[in-house]
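One structure below.
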Amino acid sequence: GAGRDMVKIATTSGQEVETTDNHLYLNYEDGAIIDVLAKDVEQVLTPRGFVLNEESESIDVSGFAEAYKNSPFQEARLRVSEALAKLFGLYIGDGSVCGGSQMVLTICDKLNEEETAALVEEAFGFKPTYKKLYYGDGKLKEYRFNVGTRLANALKNLCGDCACEKKVPSFVVEGSDSIKKAFLRGYNIADGCKTREYFEASSVSRDLISGLRLLLLQLKEYPTTNKR
C-alpha cells in the first residue's frame, strides 16, 4: 500500500517475492503455525524446503497431570504411532474432553464400536473402560472413554479443546508421511468429505485449516481454501 516499505523475501528453494512490510506470512514455531510480518520473516512456510524439528518417537505427557494410583494411564511418555495419529485425527474431527478425564468420540455412525475400542487401545497402550450414550430415540450417540486426567489434558493441549481451538498436533506435522496420512485418514472419517476427485474439510478453527494445508503441502498436494 501507499507509504509502506517494500521487502524482498528469497527462499532456499529458489522462490522470490516482493511485498509490503506489513504483509503476513505463515511460519512454524514451537509446534504451532503462526503469522509473521514480512519485515520480521526469518523463515516461511513453502511447499518445499521447509525444515522442521526431527521426528519424535514419543510425546512427553508427564506435565499434563499427576499419575495417581487409580489413573488408567501411568506412563510419562506416549508412543508416537500411526494408531495414535489416526485417533488424534478422529478426536480433532469430532471429539472432546468431558469431566476432566473422559475422551468423547461422536463417531458412532462412522466407525463401529469394536474398531473404535481397538484403535484407542492400540494408540494409548492400554484398554480403557468406556460407556455408550444414546439419543432419546435409542440411536447410539457417542463413546466416552475413561483415559484419565493426564491423557485428557494432553488431548486438550496438543489438539485443542473446543471447535474453534482445534489444531494439528506438532508430532503429526513433524512426523513421517505415514503418520501424516494416518492422521488425515482419522480426520476424514470424523469430519471430512472425500470423493474420487477431491478431499474437502471445513472448520471454524483457522489454526486447524492452516495445519491441514501444511500437511497436504508436505505430502506434495496443493490445496485451495475459501471462506463460507
Side-chain angles (χ1 to χ4, degrees), residues 1-56 59-60 63-64 85 88-89 91-96 153-177 179-181 183-184 186-188 190-195 197-228:
R4 304 297 319 187
D5 292 329
M6 300 300 293
V7 176
K8 179 181 282 188
I9 297 173
T11 70
T12 55
S13 59
Q15 298 169 306
E16 286 190 4
V17 63
E18 190 169 353
T19 182
T20 54
D21 62 354
N22 65 335
H23 193 86
L24 292 175
Y25 286 86
L26 292 179
N27 196 359
Y28 184 76
E29 183 177 285
D30 296 329
I33 297 169
I34 61 173
D35 288 323
V36 180
L37 291 171
K39 65 184 181 66
D40 299 323
V41 165
E42 294 183 1
Q43 57 180 353
V44 64
L45 290 176
T46 64
R48 54 188 177 174
F50 191 79
V51 179
L52 297 172
N53 297 330
E54 292 185 5
E55 180 181 352
S56 300
I59 305 165
D60 185 1
F64 294 125
F88 275 40
Y91 170 83
I92 289 172
D94 211 346
S96 60
N153 286 346
L155 281 166
K156 290 193 293 185
N157 184 277
L158 298 172
C159 305
D161 192 4
C162 62
C164 63
E165 297 175 351
K166 292 292 180 68
K167 59 185 177 181
V168 177
S170 59
F171 82 87
V172 174
V173 176
E174 296 163 1
S176 65
D177 285 358
I179 291 293
K180 294 177 176 65
K181 290 176 180 178
F183 173 85
L184 290 170
Y187 181 79
N188 180 56
D191 200 35
C193 175
K194 186 177 182 182
T195 70
E197 298 179 351
Y198 64 87
F199 164 79
E200 180 178 307
S202 59
S203 175
V204 297
S205 169
R206 185 181 184 280
D207 287 342
L208 177 55
I209 293 299
S210 295
L212 292 172
R213 287 180 64 195
L214 176 56
L215 293 185
L216 292 168
L217 288 170
Q218 290 176 309
L219 294 170
K220 304 299 187 292
E221 300 290 342
Y222 302 97
T224 58
T225 58
N226 59 74
K227 294 182 179 180
R228 295 179 180 176

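Every value quoted in this text rests on a predicted model; they were computed, and no experiment measured them. Numbers for residues simply follow the sequence, beginning at 1.
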Once you round to the nearest 0.5 Å, how far does [atom1] of [X] lie from [atom2] of [Y]?
{"X": "Leu214", "Y": "Leu219", "atom1": "CG", "atom2": "CG", "value": "9.5 Å"}
{"X": "Ser176", "Y": "Lys181", "atom1": "OG", "atom2": "NZ", "value": "9.5 Å"}
{"X": "Lys180", "Y": "Leu212", "atom1": "NZ", "atom2": "CG", "value": "13.0 Å"}
{"X": "Ile209", "Y": "Ser202", "atom1": "CD1", "atom2": "OG", "value": "7.0 Å"}

Nearest heavy-atom pair of [X] and [Y]: which atoms, and what distance?
{"X": "Ala190", "Y": "Gly89", "result": "CB-O, 4.5 Å"}
{"X": "Ile179", "Y": "Ala85", "result": "O-CB, 3.5 Å"}
{"X": "Leu216", "Y": "Pro223", "result": "CD1-CB, 3.9 Å"}
{"X": "Asp207", "Y": "Lys167", "result": "CB-CB, 4.2 Å"}
{"X": "Pro169", "Y": "Phe183", "result": "CD-CE1, 3.9 Å"}
{"X": "Ile92", "Y": "Cys159", "result": "CG1-CB, 3.6 Å"}

Okay, side chain of [X], backbone of [Y]: is any donor-acceptor separation there less than 3.5 Å?
{"X": "Gln218", "Y": "Val173", "result": "yes"}
{"X": "Lys39", "Y": "Asn22", "result": "no"}
{"X": "Ser205", "Y": "Lys166", "result": "yes"}

On the six-membered ring of Tyr91, is Lys156 placed so that its NZ or CZ lies under 6.0 angstrom from the centre and within 45° of the ring axis?
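No - Lys156 does not lie over the ring of Tyr91 by the 6.0 Å and 45° rule.
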Run the numbers on Val172 and Leu184 for side chain to side chain contact (heavy atoms under 4.5 Å, CB included), then give the verdict.
CA-CA 10 Å; Val172 174; Leu184 290 170; over 6 Å; no
Are Phe88 and Leu155 packed together at the side-chain level, in the sense that at least one heavy-atom pair is separated by less than 4.5 angstrom?
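SC-SC contact between Phe88 and Leu155 confirmed.
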Tyr187 and Leu208: CA distance, side-chain angles, deciding distance, side chain to side chain contact (heavy atoms under 4.5 Å, CB included) verdict:
CA-CA 11 Å; Tyr187 181 79; Leu208 177 55; 3.9 Å; yes
Before you tell me yes or no, could you show the steps for Val7 and Leu37 under side chain to side chain contact (heavy atoms under 4.5 Å, CB included), namely the whole-Å CA-CA distance, both residues' side-chain angles and the distance that decides it to 0.1 Å?
CA-CA 10 Å; Val7 176; Leu37 291 171; over 6 Å; no
Do Met6 and Asp21 pass the side chain to side chain contact (heavy atoms under 4.5 Å, CB included) test, and can you show the C-alpha distance, the side-chain angles, and the key distance before you say yes or no?
CA-CA 6 Å; Met6 300 300 293; Asp21 62 354; over 6 Å; no
